[in-house]
Amino acid sequence: MERRLAEAPIGIITVRDGTVRAWNESAADVLGADTAVGEPVTDVFPRSVERSLPRAFDGTTVSDAAFEEYYPSIDRWLSVSVVPGDDETTVYVTDVTEEKDNERTIDRLRAEAERAETVDTLIADVLEGLVGATSQDAIMGTIRDRLGGSDQYRFAWTGEYVADSDELAVGGVAGERGELFPAVREAVEEGLATPERRAVEQRRPTLIRSLSENASVPEAVRAAGFADGVQSVFALPLVYDASVYGVVGVYAGTEAAFSDHVQSSFEVLGELAGYAINATRNRQLLFADTVTEVSFGLAGNSPLVRVSSTCDAELTLDGIVAPDDVGLTCFLTVSGADPESVLGSVEALPAARDGRLIRRSDAERGRIQATLSETVPLVAAINHGATIRTAVFDGDDSRLVVELPPEANVRRLANLLGDDGPAPVLARRDRTRSPTTKQEFRTDLNERLTDRQATVLRTAYLADYFTSPRGSTAEEVATSLGITGSTLLYHLRASQRKLLDAFYDEHDDGSG
């Protein structure tokens, strides 16, 4: 072989009558062989999947060929060119494994990006469907139908979690059931450790990338997954605060179906779905004609019960401001102990913050304010769709009265409110709520206001005293009524207080 060919950076092999006559060092490096001269060229090359080289030398003449193939025994991709000559054939060979790896990486990243974009669009479609959903069944059905009907996944099923019985009840399925879904259903009904069951118990998503080979999956489910060609599953719990409402099981035909980005998107979906389910339950209570009123006994796991016992005081809940990221702001009347001392005990609670003494009526009576965290039973009740009617914290006689939708699970709420076991149910009754008409509200307000208060309030309203910017100052309104500014403000405060009492269904204490 000529020197320039022997020192070439690519593999060069000369072949005569199918036998290697010469080759350079680069060819030896690429093929991983010590010697090849005198050997059939088809034996020098490892066996490839397509076997293109043997076909080029199969026959009375050598075929001109160029190809790229994977050679498993040396774990390399080789680019091979066969160039026939008059007496000899030259074979050029180059290791293109790195280029192929780069191409596969680019293709994989491109496919993941396209899949993530498709999933994001799909989830946006699901979230849009949640907006009009009016019940938990409708929300879960929307998720199930959109995901199961997508060509990204084989099928999706949803199940409702019943906390008091620890049951996972299959709600429905969408997509290609095959042999796998019946196997999953049977495993769920038997209480086996399916991915969905683990997701519910751990309150976080569960991903199985190789379904048929994962020993944590029930054997029958693994076998059915192998038969159907399903390789991965993502189990998404639907959670809001301390409640797990259900789960979604999404099954796919590839191991790469659930990238980190896709998992994050699904987690957002689970959080928003849990929030939506909680919101529908609250709406059902808000607009229900019939409600269930339940009285629970509260134990020492309630921090306000512990404060009442420590201070030998009775704390009565006067009102709340709905919970947010900070917590639930409570206004409490203190009886039987120094309000300031009670406030100090409340502020010492890990679950309380922003305590404030609002007023001190006497040495053993007053009103305080505090914000409680979501770990407090009172907050848990609200987060589970209950409306607080009354709450009294008085040692062993502490009790909480709530309103729930008729279909609400009272035992589930009792479990959340209880200490070592469910909170005792002291009373329970269903009652019909009569909506207050506009005229009834006005009549009630007029009965609360004195004639002077009603006149002052209406005059200030019509004079645009309450607009921003104000159309009239307090002095201008007072002058029109023939009273002083201080008298006007006195009547306005009293009338506004009674207006708010009527709106928030509070009782007028008769002052003012």
Side-chain angles (χ1 to χ4, degrees), residues 241-242 293-404 413 416-419 423-424 426-427 493 496-498 500-512:
D241 190 51
E293 185 178 276
V294 186
S295 298
F296 293 100
L298 297 179
N301 64 316
S302 168
L304 295 180
V305 172
R306 296 197 299 272
V307 168
S308 70
S309 298
T310 301
C311 299
D312 195 21
E314 179 183 286
L315 307 179
T316 303
L317 184 67
D318 297 323
I320 58 175
V321 177
D324 54 20
D325 293 338
V326 176
L328 177 73
T329 301
C330 300
F331 298 85
L332 301 152
T333 291
V334 178
S335 302
D338 177 32
E340 199 162 353
S341 297
V342 173
L343 177 61
S345 296
V346 172
E347 290 180 315
L349 295 170
R353 54 175 293 182
D354 300 334
R356 185 170 72 92
L357 179 65
I358 295 177
R359 72 166 178 261
R360 182 191 187 106
S361 303
D362 53 45
E364 293 188 347
R365 186 173 177 82
R367 175 177 284 190
I368 63 174
Q369 172 186 334
T371 299
L372 305 178
S373 72
E374 62 183 17
T375 60
V376 176
L378 198 65
V379 185
I382 295 174
N383 286 337
H384 285 75
T387 295
I388 306 298
R389 298 304 303 162
T390 61
V392 177
F393 306 92
D394 188 13
D396 294 337
D397 293 328
S398 299
R399 58 195 180 277
L400 171 68
V401 181
V402 302
E403 286 183 353
L404 299 167
L413 182 55
L416 290 169
L417 297 177
D419 195 353
L426 306 178
R493 280 196 296 269
Q496 288 177 80
R497 172 69 192 192
K498 291 178 179 180
L500 294 172
D501 283 343
F503 183 79
Y504 290 113
D505 196 25
E506 301 287 351
H507 296 291
D508 189 2
D509 61 9
S511 62

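When reading the values below, keep in mind they use all heavy atoms of this one structure, side chains included, and skip hydrogens, waters and symmetry mates.
- Other residues, nucleotides and ligands contribute at most 12 non-hydrogen atoms within 6.0 Å of the CG atom of D396.
- The CG atom of L400 sits 7.5 Å away from the CG atom of L413 when rounded to the nearest 0.5 Å.
- Summarising the geometry, atom CG belonging to L304 is positioned 8.5 Å from atom CG belonging to L317; distances are rounded to the nearest 0.5 Å.
- Closest approach of A313 to V342, counting heavy atoms only: CB-CG2, 4.1 Å.
- Expressed to the nearest 0.5 Å, how far CG of L372 lies from CZ of R353 amounts to 11.5 Å.
- For L343, the side chain to side chain contact (heavy atoms under 4.5 Å, CB included) test picks out E347, L357, I368, with sequence neighbours left out.
- R306 CZ: more than 12 foreign heavy atoms inside a 6.0 Å radius.
- Interatomic distance, OG of S373 versus CG of L349, reported as 9.5 Å (0.5 Å rounding).
- If you take CG on L332 and CG on L315, they are separated by 6.0 Å, rounding to the nearest 0.5 Å.
- Here the closest heavy-atom approach between residue P377 and residue N301 is recorded as CG-ND2, 3.8 Å.
- No side-chain donor-acceptor contact under 3.5 Å links R389 to the backbone of T387.
- Closest approach of L378 to A391, counting heavy atoms only: CD1-CB, 4.3 Å.
- Under the salt bridge (Lys or Arg N to Asp or Glu O under 4.0 Å) criterion, R367 pairs with D318, not counting sequence neighbours.
- For V402 against F296, the heavy-atom pair with the smallest separation is CG2-CE1, 3.8 Å.
- The CG atom of D312 sits 8.5 Å away from atom CG of D394, with the distance rounded to the nearest 0.5 Å.
- V346 approaches A352 most closely through the heavy-atom pair O-CB, 3.3 Å.
- Between the S308 side chain and the G395 main chain, a donor and an acceptor come within less than 3.5 Å of each other.
- The salt bridge (charged side-chain N to carboxylate O under 4.0 Å, His left out) test with E340 singles out one residue from R359, R360, R356, and that residue is R360.
- Nearest heavy-atom pair, A337 versus C311, reported as atom, atom and distance to 0.1 Å: CB-O, 3.6 Å.
- Counting heavy atoms from C-beta outward, L298 and F393 have side chains that approach closer than 4.5 Å.
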